[in-house]
Protein chains: 2
Amino acid sequence: MTIGRTLESDPIEEARRQWIAHGWDNAAEGMAAVTSIVRAQQIVLQRIDTVLRPLDLTFARYEILTLLSFTRTGSLPMTKMGALLQVHPTSVTSAVDRLESQGFVERVPHPTDRRAVLASITEAGRARALAATTALNGQVFEQLGITEHQINQLRTVLRALRANAGDF
Amino acid sequence: MTIGRTLESDPIEEARRQWIAHGWDNAAEGMAAVTSIVRAQQIVLQRIDTVLRPLDLTFARYEILTLLSFTRTGSLPMTKMGALLQVHPTSVTSAVDRLESQGFVERVPHPTDRRAVLASITEAGRARALAATTALNGQVFEQLGITEHQINQLRTVLRALRANAGDF
DNA sequence: GACGGATATTAGGATATCAATGTTTTGCAC
DNA sequence: GTGCAAAACATTGATATCCTAATATCCGTC
């Protein structure tokens, strides 16, 4: 994690100037916005991973665990989870593989569809998910370093972007 | 790319409701904002990769190529690139490995520092970078699907987040 | 001249995507 | 209804990428 040396100027602002200098004015703001998103994701995911590492979780596995803990039965078909979390079936398989080896999830045959497999959260999984959420709430989600107004602006704008991409 | 099935409701809004239902009100907005960032990055990066794939580039390699094309000499030390693009030294090494095998970049010994290695862009690299930028401008950066006002809101808020993280 | 720091690389582990496969369900023609 | 083709589900193997840790080389300072 030694890449975070402080720079004298904002690299994204510098790139935006370059875009305008090359006559790509129409794309300059969009480029800067996209690059900002990529970089912001890098920052928050790094914080999240730092918090989750002592709990032996990654963000992907945490999302699965939390999703399962919110369901009535504590279980969901693999495909359903992939659709809700927007991840590939193979990613679900490997994440559940790991969660199962950690004892946080069990694979259960689907009661009516013999193709499908349910992932079912265990008591240990529930406890770990709760610990992780508590840690993330206090150390990441409540510490973004921007104002509440800005947080809501962010949510609104990104919801528009997601909606436009056909997310929901 | 079959994960993009349209959902009936917004999963992030659903998660936010769950957070509030569990009494985690203080963290709910931040959680929703962070999750939105992660998902937005997923969306834009997927579009970028789709555009860059026919050009045999990834976003990381494209960033390196474009950065080099903006310099006076067309070359930079590896470490300097890692600092500017906020990526690990190992990522720079492997990206330059690939770019070099593609003929877009050459490794050149540093004139005064025998530890350092310069990555120098080739003519083929310049041409490919320009083609990629043209494609990205038209197909991604100018097509985000949100208003110009929203794009600038996004830039402003994320700059605050990045500044707070010590990016510049 | 020795030592700490910087530079780049290699090796190994984890994750994500793609392509292909085996199994099961579903839909449609008849 | 029956039977067959198409689609859905989960997995495996192959590939690419990123991060961590460790290593070898070189620079600069005391």
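By convention in this document, chain letters (A, B, ...) are assigned in the order of the sequence lines, proteins followed by strands, and residues within each chain are numbered from 1. Since the model is a prediction, treat every value here as computed from it, not as a measurement.
Connection of Ile12(B) to Leu85(A) is not established within any shared hydrophobic cluster, with ILVMFWY side chains joined at heavy-atom distances below 4.5 Å, either directly or through further cluster members.
With rounding to whole Å, Asp56(A) atom CG is found 14 Å from dG13(C) atom C1'. Between the CG atom of Leu85(A) and the P atom of dT15(C) there is a distance of 15 Å, given to the nearest Å. When the P atom of dC19(D) is taken as reference, atom CD of Gln86(B) falls 11 Å away, rounded to whole Å. For Arg53(A) and dT15(C), the CZ to P distance is 10 Å, given to the nearest whole Å. When rounded to the nearest whole Å, the span between CG of Leu52(A) and C1' of dC19(D) equals 16 Å. Here dA16(D) presents its P atom at 23 Å from OH of Tyr62(B), a figure rounded to the nearest Å. In this structure, Ile48(B) places its CD1 atom 15 Å from P of dT17(C), rounding to the nearest Å. As a whole-Å value, the separation of Leu57(B) CG from dA16(D) C1' is 14 Å.
One finds no side-chain N or O of Thr58(A) lying less than 4.0 angstrom from the OP1 or OP2 phosphate oxygen of dA14(C). Look at His88(A) and you'll find a side-chain N or O under 4.0 angstrom from OP1 or OP2 of dT17(C).
Looking at Gln150(B), its side chain does come within 3.5 Å of a backbone N or O of Thr147(B) through a donor-acceptor pair. Here the side chain of Glu13(A) pairs no donor or acceptor atom with the backbone of Asp10(A) at under 3.5 angstrom. No donor-acceptor distance shorter than 3.5 angstrom exists from the side chain of Arg159(B) to the backbone of Ser36(A), with no hydrogens or angles considered. Judged by distance alone, with hydrogens and angles left aside, the side-chain atoms of Thr66(B) form a donor-acceptor pair with the main-chain N or O of Tyr62(B) at under 3.5 Å. In terms of modelled atom types and a separation under 3.5 Å, the side chain of Ser69(B) and the main chain of Arg126(B) share no donor-acceptor contact. Side-chain atoms of Glu106(B) never come within 3.5 Å of backbone atoms of Ala119(B) as a donor-acceptor pair (strictly under, hydrogens ignored).
Partners of Ser75(A) by side-chain hydrogen bond (donor to acceptor under 3.5 Å, both in side chains), not counting sequence neighbours, listed by chain and number: Thr73(A).
Proximity of residues 93-108 of chain B to DNA chain C (heavy atom under 4.0 angstrom from any strand atom) is restricted to Thr93(B), Arg107(B).
Between Asp56(B) and Arg98(B) there is no salt bridge, since no side-chain nitrogen of the basic residue lies less than 4.0 Å from a carboxylate oxygen of the acidic one.
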Taking only N/O atoms, report every protein-nucleotides 19-22 of chain C pair under 3.5 Å with atom names and distance.
none

Atom pairs, N/O to N/O, protein against nucleotides 25-29 of chain D, distance under 3.5 Å?
unit_1	atom_1	unit_2	atom_2	d
dC27(D)	OP1	Arg114(B)	N	3.0
dC27(D)	O4'	Arg115(B)	NE	3.4

Using atom types as modelled, flag every donor-acceptor pair under 3.5 Å from a side chain in residues 20-33 of chain B to any protein atom, sequence neighbours excluded.
unit_1	atom_1	unit_2	atom_2	d
His22(B)	ND1	Gln18(B)	O	2.8
Glu29(B)	OE1	Arg155(A)	NE	3.2
Glu29(B)	OE1	Arg155(A)	NH2	2.9
Glu29(B)	OE1	Arg16(B)	NE	3.3
Glu29(B)	OE2	Arg16(B)	NE	3.3
Glu29(B)	OE2	Arg16(B)	NH2	3.4

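In this structure, Val108(B) belongs to a hydrophobic cluster whose other members, linked by side-chain heavy atoms under 4.5 Å apart, are Leu118(B).
Toward the 5′ end of DNA chain C lies the nearest nucleotide of Val117(B), the other residue of the pair Val117(B) and Ser91(A) mapping further downstream.
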